[in-house]
*Asks:* 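Before I ask anything, here is the structure I am working with.
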Amino acid sequence: MAASFLLLGLLAITFSVALADLSPLQDFCVGDKNSTVLVNGMPCKDPKLAQASDFFFSGLHIAGNTSNPVRSKVQAVTATQIPGLNTLGISIVRIDYAMGGINPPHTHPRATEILTVLEGSIEVGFVTSNPDNQQFTRVLQKGDVFVFPVGLIHFQRNVGHSNAVAIAALSSQNPGVITIANAVFGSKPDISSDILVKAFQLDKNVITYMQSKF
Ligand SMILES: *[C@@H]1O[C@H](CO)[C@@H](O)[C@H](O)[C@H]1NC(C)=O
Ligand SMILES: *[C@@H]1O[C@H](CO)[C@@H](O)[C@H](O)[C@H]1NC(C)=O
């Protein structure tokens, strides 16, 4: 009994560490983008040399260019854009959608996402893990907020009659993104078409065609 409680405690500690970026052990660690040291994140620049500009980004008022096949654009503001975000476990994005535009199915391996609609009408959804693969979906209006739990495949689509805009916060300074179609059909080198033929139960010609699209 005591042993199983101990095991549960250890599991809880393991998961609480695994589910969020690690807590910083200093006020901040402004990422030194010039460093060639390979660590989990960026090494800190000398805190005495930190400036307000290390914690600043300007541009989320600017609409993204949606002239692309999916008709949406994501402007990410992560530790890459704001080096002061390094180690802090948070970031933000602006997403613009032309009419009918989508943000294709993708996952963030390191972050939960909380999305707020600023303009327009957006259908959102995510799908749970195997074996259920249950879809949770909803149409959002201006001011509505929706959550995409860490790691789960999710998407958005502009279902209104005008452009749509959303802002989303993510629980990592470097959430990462895996766009499913690009990763599966556009990997370099290609995943063997024999594997994709069986995985998707499709004809080899269809797989070759899809691989040519990515
Ligand atoms: C990185 O290098 C550039 C150009 O050498 C320099 O201007 C900049 O201050 C450096 N950044 C840091 C964080 O040291
Ligand atoms: C938007 O992107 C398209 C495609 O890349 C490009 O042709 C066009 O010039 C861009 N428009 C603006 C305003 O930057």
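Atoms within each ligand, like the ligands themselves, are counted from 1 in listed order. It should be emphasised that the depicted structure is a prediction, and the values quoted were computed from it without experimental measurement. Numbers here are sequence positions counted from 1.
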*Asks:* Among all the protein's heavy atoms, is there at least one whose distance to atom 7 (O) of ligand 2 comes out below 4.0 Å?
*Replies:*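 False for atom 7 (O) of ligand 2.
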*Asks:* Looking at Asp144 and Arg138, does any basic side-chain N land under 4.0 Å from a carboxylate oxygen?
*Replies:*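 No, no charged N to carboxylate O under 4.0 Å.
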*Asks:* Considering only protein heavy atoms, which is closest to atom 4 (C) of ligand 2, and at what distance to one decimal place?
*Replies:*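 Looking only at protein heavy atoms, the one closest to atom 4 (C) of ligand 2 is Ser67 O, 3.6 Å.
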*Asks:* What is the nearest protein non-hydrogen atom to atom 13 (C) of ligand 2, stated with its residue, atom name and distance?
*Replies:*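 Nearest neighbour among protein heavy atoms for atom 13 (C) of ligand 2, to 0.1 Å: Asn65 ND2, 4.4 Å.
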*Asks:* Indicate the ring-plane relationship of His154 and Phe148, choosing parallel, tilted or perpendicular according to the 30° and 60° boundaries.
*Replies:*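 Aromatic pair His154/Phe148 classed parallel.
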*Asks:* Can you say whether the rings of Phe126 and Phe136 are parallel (under 30°), tilted (30 to 60°) or perpendicular (over 60°)?
*Replies:*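 Geometry flag for Phe136 against Phe126: parallel rings.
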*Asks:* Could you tell me whether atom 2 (O) of ligand 2 has a protein heavy atom closer than 4.0 Å?
*Replies:*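 Flag for atom 2 (O) of ligand 2 set to true, protein heavy atom closer than 4.0 Å.
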*Asks:* More than 12 heavy atoms of other residues, nucleotides or ligands under 6.0 Å from CZ of Arg157: yes or no?
*Replies:*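 No, the 6.0 Å shell around CZ holds no more than 12 heavy atoms from other groups.
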